[in-house]
Amino acid sequence: LTDIYLPPAVNVVHSYLLCTSTMTRCTNVQRLRQCVSWRQGLLPSITSAAYVPLSTRQGKRANVHVSTHVPPSRHMTSRLSGFHKLTHEERLRKIKELTGISDKTVQDLKDMKGIDYELASNLVENVFGTISIPVGLATNMIVDGVERLVPMATEESSVVAAVCNSAKQCRSTGGFFCSTSGNNMIAQIQITGVKDPEAGRQRILAYYPKIKELCSQPDYPLISRGGGLRDMEVRLIETELGTNIVVHIIADCLDAMGANAVNTMAENLGPKIANEAQGKCELKILSNLADRRIARARAVWTFEELGGEDVRDAMISAYQFAKYDPYRAATHNKGIMNGISAVCLATGNDTRAIEAGAHAYACTNNSEGRYSSLTNFEVTEDGLSGSIEVPLAVGVVGGGKFFEGIFITMLSMFVATKSHPMARTNLEIMKVSDADTLMRVMASVGLAQNFGALKALATVGIQKGHMSLHATNVAMDAGAVGDEIEAVAEQLIKMENVRIKIAKEILEDLRSK
């Protein structure tokens, strides 16, 4: 037929469509027309009807999210051997060839063009300058059967290389396979001073039909795009000052991060709900513990790629250390976030929100209630299986709307996703146009990063790989320029002594010849 992509959630319908007798007798053009009609008509109804209970937690639900974008051609490959050896211009030509970015975008990348004062001053206050962060390209990534090139914004050596190497080592088993729980966010409403908290809780639950009615108004946040209120939870929290009633307003934010949208809903509903509970409305704010917006990724690495059974067993031991010791888990999870946060920053999303949510989830997502690993690794018959489960409240769209006289950023708290030219370019390179796919890519990158760190720790040690890449930075700190940088770095690596004093001695020797 063609390279039209249909997501796993609707593969059954997709298969039926393509196997009907009418489809088999159609011309290619007729098949395309039927598919386009099907995607435009049936798919939205599947999306809206797919809100079903998926969690074992009482009263908790998650969306079955259906991704509707068309990914890059299956003829594209992310396996770019020798990409790190190319010049800047050669790398840009290769990216343009594979992704189809415009000549203007290529020129902007070549010029290292960032943002101007006007845009910067609209993002934050008291602007006086900007700071540039390197953006590297993670290659070798296969996510849900689709080859993807993944831009990563980070100042830390070895992060991009670790993802490239880890992704390369699981290509033979199909790369990364993902799922998500949907795009639901939580806004909390705190109510105090209720004399009968349990009865107040029940009064709020009985008020839910009215809340749904209020949230279904056409001018309400997210409604016009098919999102909005999906559920409500009411909890009783015991504090030193008495019992708090905490209401969770749960809203589908679609392809937006959605912080301001759910905050607006909470601020509008809070006084009404507090009045019904016969208490005082206090805080009305989203939660960054986005456990209704979970991304999961898994992959398998064979003995051939691992380097044998001993390496596998050492990696399992390192993982178990992180699982049961919070001191080790903190560093273990920091490594995971090295990858996830780099993609988050490259796409203009809120890195602080993502990291806060991930670390909180590392405390709550286990029966013991302790801080633990975000990943899981298990022994397989011929290698190692790894998986990750992490909340990722990210968006790919933004914009503004007036609501009840207050100007709000309707679809995104961190609007750089839409307004920052580099963020738009990075999404274009990834061929990502919806939040669900971005979540899948980010979770896969986090798992790849963690695999790379565990393997390094279990074999050569983290310093050898890290300092080999750090040698370039040390060479530049010593004053090397142009071709001198690579020459000095190579000598430092060969000597296994990556220090600035040694780098200066090597540089002095080079210049004396």
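Throughout, numbering of the chain's residues begins at 1 and tracks the sequence.
- Contact annotation: the side chain of I340 never approaches that of V445 to less than 4.5 Å [non-hydrogen atoms, C-beta and beyond].
- Residues satisfying the side chain to side chain contact (heavy atoms under 4.5 Å, CB included) test with T87, not counting sequence neighbours, are E89, E90.
- Considering all non-hydrogen atoms of both residues, A138 and V163 come closest at CB-CG1, 3.8 Å.
- E309 and R312 are joined by a salt bridge, as a carboxylate oxygen and a charged side-chain nitrogen come within less than 4.0 angstrom of each other.
- Here the side chain of R91 pairs a donor or acceptor atom with the backbone of L86 at under 3.5 angstrom.
- In this structure, the side chain of S181 engages the main chain of R292 through a donor-acceptor pair within 3.5 Å.
- Taking D116 as the reference, nothing meets the side chain to side chain donor-acceptor pair (under 3.5 Å) condition, with sequence neighbours excluded.
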Could you list the donor-acceptor pairs under 3.5 angstrom formed between side-chain atoms of residues 375-383 and any protein atom two or more places apart in sequence or on another chain?
residue	atom	partner	partner atom	Å
T375	OG1	H332	NE2	3.0
T375	OG1	S373	OG	3.0
T375	OG1	N450	OD1	2.7
N376	OD1	Y319	OH	2.6
T380	OG1	G383	N	2.9
T380	OG1	G383	O	3.0
T380	OG1	L384	N	3.3

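- Looking at D509, its side chain never comes within 3.5 Å of a backbone N or O of E505 through a donor-acceptor pair.
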Carefully, step by step, assess L109 and T425 under the rule side-chain contact (heavy atoms from CB on, under 4.5 Å). CA-CA 9 Å; L109 292 171; T425 294; 4.2 Å; yes

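- Heavy atoms from other residues, nucleotides or ligands lying under 6.0 Å from CD of E508 number 12 at most.
- With contacts defined as side-chain heavy-atom distances shorter than 4.5 Å, the pair V394/I354 qualifies.
- Between A259 and L286 the shortest heavy-atom distance is CB-CD1, 3.7 Å.
- A distance of 13.5 Å separates CZ of R424 from OG1 of T347, quoted to the nearest 0.5 Å.
- Taking CE of M141 as the start and OG1 of T139 as the end, the distance is 9.5 Å to the nearest 0.5 Å.
- Other residues, nucleotides and ligands place more than 12 heavy atoms under 6.0 Å from the CG atom of D111.
- A ring pair (Phe, Tyr, Trp, His ring centres under 6.0 Å) check over residues 423-458, counting only residues at least two apart or in different chains, returns the pairs W301-F451.
- Partner of S78 under the side-chain hydrogen bond (donor to acceptor under 3.5 Å, both in side chains) criterion, out of K168, E147, R148: E147 alone.
- Scanning for side chain to side chain contact (heavy atoms under 4.5 Å, CB included) contacts around V481 gives E484, R511, with sequence neighbours left out.
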Steps toward side-chain contact (heavy atoms from CB on, under 4.5 Å) verdict (I294, T180): CA-CA 6 Å; I294 301 297; T180 62; over 6 Å; no

Kindly determine whether L427 and V396 satisfy side-chain contact (heavy atoms from CB on, under 4.5 Å), including the steps that lead there. CA-CA 8 Å; L427 288 169; V396 297; 4.1 Å; yes

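- Using a distance-only test at 3.5 Å, with no hydrogens or angles considered, no donor-acceptor pair links the side chain of T105 to the main chain of I101.
- Using a 4.5 Å heavy-atom threshold, the side chains of E305 and C170 count as separate.
- Between V474 and R499 there is no side-chain heavy-atom pair separated by less than 4.5 Å.
- Between the side chain of N349 and the backbone N or O of L345, no donor-acceptor pair lies under 3.5 Å.
- How far CG of N140 is from CG of N165: 7.5 Å, rounded to the nearest 0.5 Å.
- Although no hydrogens or angles enter the test, the distance criterion places no donor-acceptor pair under 3.5 Å between the side chain of N426 and the main chain of P151.
- With contacts defined as side-chain heavy-atom distances shorter than 4.5 Å, the pair L119/P421 qualifies.
- A distance of 10.5 Å separates CG in L454 from CD in Q449, rounded to the nearest 0.5 Å.
- Residues L149 and T99 meet the side-chain proximity criterion, which asks for heavy atoms closer than 4.5 Å.
- Closest approach of S341 and T351 over heavy atoms only: O-CG2, 3.8 Å.
- Shown here for L392 and A295, the closest heavy-atom pair between the two residues is CD1-CB, 3.7 Å.
- In terms of heavy-atom proximity, D255 sits nearest to A435 at OD1-N, 2.9 Å.
- Separating the OG1 atom in T472 from the CD atom in E490 is a distance of 9.0 Å, to the nearest 0.5 Å.
- Here the rule is side-chain hydrogen bond (donor to acceptor under 3.5 Å, both in side chains) with S179, and of E389, R296, R440 only R296 fits it.
- At distances below 3.5 Å, at least one donor-acceptor pair connects side-chain atoms of R293 with backbone N or O atoms of M257.
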Can you list the steps and then say if M337 with H359 is a side-chain contact (heavy atoms from CB on, under 4.5 Å)? CA-CA 9 Å; M337 300 313 293; H359 291 298; 4.1 Å; yes

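- Judged by distance alone, with hydrogens and angles left aside, the side-chain atoms of K504 form no donor-acceptor pair with the main-chain N or O of A478 at under 3.5 Å.
- By the 4.5 Å heavy-atom criterion applied to side chains, P134 and T154 are not counted as neighbours.
- Note that the CE atom of M315 and the CG atom of L457 stand 9.5 Å from one another [nearest 0.5 Å].
- Under the 3.5 Å distance criterion, the side-chain polar atoms of D252 are left unmatched by any main-chain donor or acceptor of N184.
- No donor-acceptor distance shorter than 3.5 angstrom exists from the side chain of D144 to the backbone of F177, with no hydrogens or angles considered.
- Between I336 and N333, the closest side-chain pair of non-hydrogen atoms falls below 4.5 Å.
- With sequence neighbours left out, D477 forms a side chain to side chain contact (heavy atoms under 4.5 Å, CB included) with I500.
- Contact between Y361 and D291 at its shortest, heavy atoms only, is CE1-CB, 4.0 Å.
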